[in-house]
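Contents: one structure, followed by commentary.
Just so you know, these numbers use all the heavy atoms, side chains as well, and skip hydrogens, waters and symmetry mates. Bear in mind the structure is a predicted one, so any value in this text is a computation, not a measurement. Quick note on labels: first sequence line is chain A, next is B, and so on, each numbered from 1.
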Amino acid sequence: MKEEKTVTAVIEGKSKRRTPLVDRFLFVVKVFLIGLVTIGFLAFVAQQISPDNWFARWRNPGATGLSADQIKGLVISGLSQGVFYGLIALGYSMVYGVLGFINFAHGEVFMVSAYTGYIAANKFSANGMWESNFALCLLIVLLLAVMVSTVTAVLTERIAYRPLRNSPRLIPLITSIGVSFVLQNAVLGIFGPGTQGYPQLPEWLAKQRSILTFEISGIKILVFLVTIVSMTGLWYLVERTKTGKAMRAVAEDKEIASLMGINVNRIIVTTFAVGGAMAGVAGVMFGLLFRAVNPMTGFLPGIKAFTAAVVGGIGNLGGAMSGGLALGSAESIAPQLILEPLGVPGVTQLKDAVAFTVLVMVLLFKPSGLFGERLSAEDRA
Amino acid sequence: MTTLPSTLILDWKRIFKWGSICAAALLFVSLVGMPIKLDPKSIISPLLSLGYVSLFWLPLIFGYVASSRVVLEGVETSKPGLSDLLTGVLTGAIGGAGLTLLMLGIENFDIRDPLINWSPQLLEVLAFGARDLNSAVWIGIGGALGLVGAALNVIPESLRRGVSYGFFTVLAVAIFEPALDDMSEGFRLEWLVELIFQKRGGLKLWPAIILASLIGLISVVSKGKVKKAVAQYRKQEGSQKKQTSVVLFGIVAALGVVLPIFMGTYVNSLLANVGIFLLLALGLNIVVGLAGILDLGYVAFFAVGAYTTAVLTSEISPFFAPGLTWVLSLVFVVLLAALTGLIIGAPVIRMRGDYLAIVTLGFGEIIRLLFLSDFLKPYFGGAQGILGIPGIDLGFVYISGTDTRGIFYLVLFFCGLAVYVSWRLQASRLGRSWMAIREDEQVAEAMGINTVNSKLMAFVVGAVLASFAGAIMAARVGSVFPNSFMILISIVILVVVIVGGMGSIPGVFVGAFVLIGILGGPKQPGLLQEFGSLKLLVYGMLLVYMMLQRPEGLVPSARRTQELHQEEFLQDSWLKGTDDEDEEQPIEGEEAQI
């Protein structure tokens, strides 16, 4: 009797002592992160009110504050960056929803599309059509790039992922890392290692315009428009067509879906194709906006797009786009908004670090994402 | 199984399928630039260079694949014969036709603008240096190679083994030429090297033929005794296996201690490179192989080890320069690495496995970006890094960074330590709980394993081993830069572990020696330095291939194999009827489970 008591006491004591150690540490981390963000933000507010304020000068003696135009510029550049993350994130989110693994190579599909766009655009530019008939050229380039990226995505599924349909979750993830390596280095081998440039944009597109007091270049407006169109198309496909219904069913439960007469394999291929097409649109737009592409172009946007998918809630398409926009803005604004008032020099270098910190913070505070994840029960495990 | 008389029936669909895949693969290899880049490395001088090997093996393999057939139990099949050979020839010829088209294309069109290898240089390689070679010759070459591939299928197994061993020996000897050249000076065997190698590199023709036939003959005569011995070793259990393993590792260690005395700078520095990656891979093997945590930011611990050593030992480190000795700094390296392991591990430990992979990758990148940034520049020197790291003073001997033999011994010592630690941990309570977590985390937790603590321990042990590698690396190079710690390194180490065999110590050795030794690390050249940037392509392909065909790796650990092929093992035991519990269960039940 007495012995039993001590045993339970020991067990209880242990369980009380052991697990919370990590939790306590995590609590400290959370408090630290929140504190950092709050203090940074307060210091920013203080410096906006008056840069001579002691609180603003506390960590950052050279505080000047940002003008309204600067802030607007940051927002615009953040959003236009975020659009790409959102478009790529759709592919991650859809594949994760259906197959339950991270398709690491998806960023590379984006890069392949940007390359295709560069080749086609330069060919058009060489015979003068790019300048004389820009709209038609752009349409052809876009279609071509979307086609190539769709084919790439479908091929990777067929060759690398389909044989692994029922293996443990980490196996297809590792495979996709390999696929990403192969695509990167194949492009590097075939097209050379250097950074390639897109041709010059026509004057009317490159010009700065002023909309609602926001200074924004024509190409960015085009990027936003194209994104809205493709998002609408995607929404229609997923929510209004039979294929979309089948996709949602497969994401919910593959076995039951196949019992209902859905060809699961075809739906999975469709999912990859649609994801690839979205990445294809993003690739060409990225090329037009930044006018440079190299074999490593897809790596960082790919990882950040996955971050965006997690931020928005994986499996949730609207969430993926909003997550992308949120991540893009955070990455563009947070260094100036939070880090600079804290007295960190050279904040723009830390853009990527901010994006990854956002990922860690979302997973710490709200692992299911800001808008909730939509996954089948087995994928959630 | 009854055999039908062989008839000449060709499966045209199959031939076209494999033939066109072969053609596509040949075009890909050519356009990626393998023939051009690998041409300088000759295998049999002046007949065969590695560039041509990169082209020739494809029709051969596809001929072999296309002509091999699935043997089903109880189904009548015809004897392998003429139709198989013809299948091989046709497959190879279709593949070769791809190159013929490529040659015609290069001659007539100029699309060098995007495709950098669409060049006269490639044409010259494809035309064997001759100016006006009929491009149709490749159809013939492809057909001939396809025939050889198909013939390998038809001839008896012992002969097939002999031929392939002979071929691979020649290839290996040619690959190891620089190393043999270097070693021959130590052993006073220059005459032998001069006998078999050409001055400009590559084997001489006759020695190659003699070598191939010798090895082929030996393997035919020995009739797979080696394989049996390996199988017997694998079958051993308990203390017997332990004994054999200890003896084997003893032999390897003894060789490791004795051989470097006879070797020159080249081989020693190569081995030191391999050793550093081996040490990293052994550490990652604990994290990925034993505990099943896919850590893609493993390079972070490598960086922490290197930077800690740099700050503590360098006299000119920017902010804090105590100028400690290397050995003393090692204490802090271990402490800081363990702490980093805890800090990175704690937030990610409860995440889903795939989220964990991406988040650790993020951490790996954050650490590099922080070292690179202006923010920490006053402490770690930013992009300029930290210079002036002294050599290693062990008290009785001083090892400078350029003393490759000394560095190799040091690496060897730490590798031995890592092997000992992994070996002891594997069988310990902690190691068993790692394996339980790897197999099923929820069940492990239900069995009373504290999964959080066990996983954190895996992180910490892995981190400490990686930090040793970092410390040695810092002393060896004499400086550290943030850009030496790219994510690429994590992935290359992952490839080493996976190709070798997750959770298997001998596997990690094989992986490190084969990949880092022959192909080279991300920035370190291996024996085949001609590969250059193409080695990353090879790494990626190897990773995909291994995951698809042999997820347990080249030298698998028995336990891991069972896990990965659970279904097959279940089916086997069901067929054999050894699994008594499932005897009553109908087949449908099995399928539903899957």
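- With hydrogens and angles left out, the side-chain atoms of Asp354(B) and Tyr96(A) include a donor and acceptor closer than 3.5 Å.
- Residue pairs meeting the ring pair (Phe, Tyr, Trp, His ring centres under 6.0 Å) criterion with at least one member in residues 350-369 of chain A, sequence neighbours excluded, do not occur.
- The closest side-chain heavy-atom distance from Ile190(A) to Asn117(B) is not below 4.5 Å.
- Of the atoms belonging to Ile491(B), it is side-chain heavy atoms, and not backbone ones, that fall under 4.5 Å from chain A.
- For Tyr115(A), no part sits under 4.5 Å from any heavy atom of chain B, backbone or side chain.
- The part of Leu164(A) that comes within reach of chain B is its side chain, from C-beta onward, which places non-hydrogen atoms under 4.5 angstrom from that chain.
- Contact annotation for Phe306(A): only side-chain heavy atoms (C-beta onward) come within less than 4.5 Å of a heavy atom of chain B.
- Residues Pro114(B) and Gln196(A) fail the side-chain proximity criterion, which asks for heavy atoms closer than 4.5 Å.
- Contact check for Asp23(A) versus Arg350(B): side-chain heavy atoms found under the 4.5 Å cut-off.
- Taken from CG in Leu370(B) to CG in Leu350(A), the straight-line distance is 6.5 Å, to the nearest 0.5 Å.
- Once rounded to the nearest 0.5 Å, the distance linking CG of Leu173(A) with CG of Leu294(B) reads 5.5 Å.
- With a 4.5 Å cut-off on side-chain heavy atoms, Phe25(A) and Ile343(B) count as touching.
- Note that CG of Leu115(B) and CD1 of Ile119(A) are 7.0 Å apart. Values are rounded to the nearest 0.5 Å.
- The backbone N or O of Asp374(B) lies less than 3.5 Å from a partner atom in the side chain of Gln349(A), making a donor-acceptor pair.
- With a threshold of 4.5 angstrom between heavy atoms, Val179(A) approaches chain B through its backbone and through its side chain.
- To the nearest 0.5 angstrom, Ile358(B) atom CD1 is 10.5 Å from Leu363(A) atom CG.
- Side-chain contact between Leu536(B) and Leu188(A): absent, with no pair of heavy atoms (C-beta onward) separated by less than 4.5 Å.
- Side-chain contact between Val544(B) and Phe181(A) is absent, with no heavy-atom pair separated by less than 4.5 Å.
- With a 4.5 Å cut-off on non-hydrogen atoms, Lys304(A) does not touch chain B at all.
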